[in-house]
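Atoms considered below: every heavy atom in the structure, side chains included; atoms not considered: hydrogens, waters and symmetry mates.
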Amino acid sequence: MENSLPLIPAKRYFTIGEVSELCQVKSHVLRYWEQEFTQLKPMKRRGNRRYYQHHEVLLIRRIRELLYEQGFTINGARQRLSDAMAGRPPAPGATNIDFIPVAIVTDGVDGPADGTVEEPPADPSANDAAVVGGAQVPVNLRAELRSIRALLDA
């Protein structure tokens, strides 16, 4: 998913041009996605300049993956994001690897009582996978889902 995309720098806000480069999506597409995906709400300042936060960059990468790599339509991607954020199971015919309930993917504090959540390896750059609910989940996907969950909890 994100292997071909550049690393996201450690900073608080990103301009639309920076996000465009980080996500390899044109600026006009980002503006269109803001209209289509209610979860995507960058802060606007002077002159209506957009400033995206880290979790929004991760969300854009997820939207990009759903649309460009998995072949979803806008409506399908919107539904997939809504279902995942609400913790609903995927629609019939969807694969389980595409769906991981956000409530389970946590830092372990409020995870399942049976201890099925394992922490990621100490080296986050490793391309290892953690086991969540019996399924292997790429560590970077867990971090992305945590960021999206934090956005919804805010």
Side-chain angles (χ1 to χ4, degrees), residues 1-16 18-27 29-44 50-91 94-112 116-121 124-154:
M1 174 180 71
E2 294 181 27
N3 294 340
S4 63
L5 299 175
L7 292 175
I8 302 172
K11 57 190 268 188
R12 189 169 176 127
Y13 297 106
F14 301 89
T15 65
I16 194 167
E18 291 170 328
V19 174
S20 176
E21 290 177 17
L22 290 171
C23 299
Q24 296 177 353
V25 176
K26 296 190 181 224
S27 298
V29 173
L30 293 172
R31 288 188 290 272
Y32 175 71
W33 286 356
E34 285 175 31
Q35 296 171 1
E36 296 296 325
F37 296 94
T38 58
Q39 304 93 332
L40 189 56
K41 294 181 182 173
M43 180 177 30
K44 291 186 182 177
R50 291 164 170 79
Y51 291 95
Y52 296 85
Q53 294 183 39
H54 188 269
H55 65 270
E56 291 167 323
V57 176
L58 293 174
L59 179 60
I60 290 167
R61 285 185 173 194
R62 178 67 178 140
I63 292 169
R64 178 188 184 278
E65 177 193 9
L66 289 170
L67 296 175
Y68 295 168
E69 296 172 22
Q70 294 184 15
F72 280 84
T73 63
I74 293 280
N75 286 334
R78 187 184 307 122
Q79 185 64 45
R80 176 59 62 98
L81 287 174
S82 296
D83 288 350
M85 290 180 183
R88 291 188 294 265
T95 59
N96 287 336
I97 194 66
D98 292 336
F99 172 74
I100 301 161
V102 177
I104 292 175
V105 183
T106 66
D107 58 6
V109 174
D110 54 348
T116 57
V117 176
E118 295 178 10
E119 287 304 310
S125 65
N127 211 5
D128 294 336
V131 177
V132 177
Q136 285 196 339
V137 181
V139 174
N140 59 352
L141 179 59
R142 292 184 71 214
E144 179 180 348
L145 289 172
R146 280 189 192 127
S147 298
I148 293 171
R149 182 175 184 203
L151 171 68
L152 290 174
D153 291 342

List for me each residue that meets side chain to side chain contact (heavy atoms under 4.5 Å, CB included) alongside Glu18, sequence neighbours excluded, and say none if there are none. Lys11, Phe14, Thr15
Spatial distance of atom [atom1] ([X]) from atom [atom2] ([Y]) [nearest 0.5 Å]:
X	Y	atom1	atom2	result
Arg80	Glu65	CZ	CD	10.0 Å
Gln35	Leu40	CD	CG	11.0 Å
Arg50	Leu30	CZ	CG	9.0 Å

Quick check: closest heavy atoms across Leu67 and Ala77, and the distance to 0.1 Å?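 Looks like CD2-CB, 3.7 Å.
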Considering residues at least two apart in sequence or located in another chain, which fulfil the salt bridge (Lys or Arg N to Asp or Glu O under 4.0 Å) criterion with Glu36?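 With sequence neighbours excluded, Glu36 shows a salt bridge (Lys or Arg N to Asp or Glu O under 4.0 Å) to Arg78, given in chain and number order.
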Ile63 side chain reached by Gln39 side chain, heavy atoms, under 4.5 Å: no
Is Leu22 close to Pro9 at the side-chain level, that is, under 4.5 Å between some pair of heavy atoms? yes
Check whether any side-chain N or O of Arg64 sits under 3.5 Å from a backbone N or O of Cys23 as a donor-acceptor pair, and report yes or no. yes
For residues 51-60, dump all side-chain donor-acceptor pairs below 3.5 Å to protein atoms at least two apart in sequence or in another chain.
residue	atom	partner	partner atom	Å
Tyr51	OH	Arg49	NE	3.3
Tyr52	OH	Glu34	OE2	2.6
Glu56	OE1	Gln53	N	2.7

